[in-house]
Amino acid sequence: MSVYYLAVEGILQVAIDGITYVSHEDPAWRGENHEMAMVDLAPFDLPGMLEQLWLREVNEEGAYEVCCIPFYAYGVALGDVIEKGESGSMDRVIEKSGRRVLRILFSESRPALDSRPMLRRTLDSAGLLNEWNGDRHVAIDVPDDSVMQPIYDSVRNEIEGTTAFWEWNDSKRYTSG
């Protein structure tokens with residue numbers, strides 16, 4: 001077994017035997033008695049990658065609430081209720097929470113006016129939950145689209161200058177492959 005840690009363009013991940021695992025160091029709804037589920041990212045054009053989601057059991061029939069903000073998986077958000085398959089991997093979304101995830105990736109070459117500090121302040125002042133994977137990739141919980149203008153304004157120059165890229169994680173439906 002070969003294990004190594006990657007710093008792929010400032011994003012922290014672990015690779016074991018050719019599979020890259022993405023985990024959540026500080027999940028938004030960290031608490032007691034969490035379980036995990038793996039999401040195969042191959043259906044989202046990321047072959048050889050798995051994302052580990054934090055879950056909280058909501059009933060004995062096998063339903064779990066997502067307690068982290070997905071970095072790569074599409075079609076699943078904080079608070080969604082999911083079902084795990086026999087292997088422990090995420091099988092399907094049972095119920096949507098109504099939340100969305102905005103993801104922003106900052107390029108490695110930084111402009112003179114780096115917008116990440118302003119983005120962090122704006123997220124804090126808006127009270128939006130967020131998780132960072134390294135210092136260049138952020139997943140933002142969006143419970144209501146009406147709060148997004150200040151977030152966009154804080155990174156607008158970088159998006160227009162192509163030193164930051166954004167996407168909504170509900171632009172594709174969740175599929176387990």
Side-chain angles (χ1 to χ4, degrees), residues 1-30 34-57 62-97 99-110 116 119-120 123 128-142 155 158-159 162-177:
M1 174 189 323
S2 60
V3 177
Y4 58 95
Y5 295 90
L6 299 173
V8 179
E9 298 182 6
I11 298 171
L12 306 175
Q13 302 166 343
V14 176
I16 302 172
D17 292 334
I19 302 292
T20 300
Y21 295 87
V22 179
S23 61
H24 293 261
E25 184 177 329
D26 191 18
W29 290 350
R30 182 185 294 268
H34 278 99
E35 295 198 27
M36 304 291 175
M38 299 307 292
V39 175
D40 183 358
L41 300 174
F44 311 116
D45 300 322
L46 296 168
M49 290 183 71
L50 299 172
E51 183 169 5
Q52 181 184 50
L53 298 183
W54 288 61
L55 309 171
R56 174 177 39 227
E57 188 172 21
Y64 297 87
E65 181 179 51
V66 176
C67 296
C68 60
I69 307 168
F71 291 120
Y72 293 101
Y74 286 88
V76 62
L78 182 69
D80 286 358
V81 177
I82 64 107
E83 183 179 80
K84 294 194 309 185
E86 290 182 22
S87 68
S89 294
M90 182 177 157
D91 190 31
R92 66 187 181 99
V93 177
I94 298 171
E95 182 180 336
K96 299 294 288 175
S97 64
R99 303 170 99 91
R100 300 179 77 192
V101 177
L102 176 69
R103 299 190 278 227
I104 302 173
L105 176 66
F106 294 91
S107 67
E108 191 168 0
S109 60
R110 304 305 311 132
R116 290 175 298 178
L119 174 62
R120 288 180 190 268
L123 291 169
L128 293 176
L129 298 172
N130 57 92
E131 295 184 34
W132 288 79
N133 186 358
D135 65 350
R136 295 191 21 251
H137 187 200
V138 61
I140 303 165
D141 173 53
V142 182
V155 293
E158 286 207 50
I159 290 169
T162 67
T163 56
F165 305 90
W166 65 275
E167 70 173 356
W168 290 103
N169 92 322
D170 57 4
S171 63
K172 297 180 187 177
R173 292 181 50 142
Y174 177 77
T175 179
S176 59

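Heavy atoms only: backbone and side chains are in, while hydrogens, waters and symmetry mates are out.
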Indicate the atoms forming the closest heavy-atom contact of [X] with [Y], along with that distance.
{"X": "Cys67", "Y": "Pro27", "result": "O-CB, 3.7 Å"}
{"X": "Leu50", "Y": "Asp40", "result": "CD2-CA, 3.4 Å"}
{"X": "Trp29", "Y": "Gly79", "result": "CZ3-CA, 3.6 Å"}
{"X": "Asp91", "Y": "Gly85", "result": "CB-N, 3.7 Å"}
{"X": "Ala139", "Y": "Pro70", "result": "CB-O, 3.6 Å"}
{"X": "Arg110", "Y": "Thr163", "result": "NH1-O, 3.4 Å"}

| said: Tell me every residue that passes salt bridge (charged side-chain N to carboxylate O under 4.0 Å, His left out) with Arg116, counting only those two or more places apart in sequence or in another chain. | reply: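 For Arg116, the residues satisfying salt bridge (charged side-chain N to carboxylate O under 4.0 Å, His left out) (neighbours in sequence not counted) are Asp114, Asp135.
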
| salt bridge (charged side-chain N to carboxylate O under 4.0 Å, His left out) involving Glu35 - partner list, sequence neighbours excluded |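 With neighbours one apart ignored, the set is Lys84.
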
When you compare the side chain of [Y] with that of [X], does any pair of heavy atoms fall below 4.5 Å?
{"X": "Trp168", "Y": "Val142", "value": "yes"}
{"X": "Glu25", "Y": "Arg30", "value": "no"}
{"X": "Asp80", "Y": "Tyr174", "value": "no"}

| said: Is there a side-chain contact (heavy atoms from CB on, under 4.5 Å) between Asn130 and Asp141? Walk through the geometry before answering. | reply: CA-CA 6 Å; Asn130 57 92; Asp141 173 53; over 6 Å; no

Side-chain ([X]) to main-chain ([Y]) donor-acceptor, under 3.5 angstrom:
{"X": "Asn169", "Y": "Ala73", "value": "yes"}
{"X": "Glu83", "Y": "Gly62", "value": "no"}
{"X": "Ser97", "Y": "Leu78", "value": "yes"}
{"X": "Glu131", "Y": "Ile69", "value": "yes"}

| task | Would you mind listing every side-chain hydrogen bond (donor to acceptor under 3.5 Å, both in side chains) that reaches into residues 41-54, with sequence neighbours excluded? | result |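 Passing the test, one end in residues 41-54: His24-Glu51.
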
When rounded to the nearest 0.5 angstrom, what distance separates [atom1] in [X] from [atom2] in [Y]?
{"X": "Glu65", "Y": "Ile82", "atom1": "CD", "atom2": "CD1", "value": "10.5 Å"}
{"X": "Ile140", "Y": "Leu102", "atom1": "CD1", "atom2": "CG", "value": "4.5 Å"}
{"X": "Leu53", "Y": "Met36", "atom1": "CG", "atom2": "CE", "value": "9.5 Å"}
{"X": "Ile159", "Y": "Ile104", "atom1": "CD1", "atom2": "CD1", "value": "5.5 Å"}

| task | Let me see the working for Met38 and Tyr21 under side-chain contact (heavy atoms from CB on, under 4.5 Å), right down to the final yes or no. | result | CA-CA 9 Å; Met38 299 307 292; Tyr21 295 87; 3.5 Å; yes

| request: Would you mind telling me which of Trp132, Tyr72, Phe106 makes a side chain to side chain contact (heavy atoms under 4.5 Å, CB included) with His137? | output: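 For His137, the side chain to side chain contact (heavy atoms under 4.5 Å, CB included) test succeeds with only one of Trp132, Tyr72, Phe106, which is Tyr72.
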
| said: With side-chain contact (heavy atoms from CB on, under 4.5 Å) as the criterion, how do Val101 and Phe71 come out once you've worked through the C-alpha distance, each side chain's angles and the decisive distance to 0.1 Å? | reply: CA-CA 9 Å; Val101 177; Phe71 291 120; over 6 Å; no

| said: For Glu57, I'd like to know if atom CD has over 12 heavy atoms of other residues, nucleotides or ligands within 6.0 Å. | reply: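 Counting other residues, nucleotides and ligands, CD of Glu57 exceeds 12 neighbours.
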
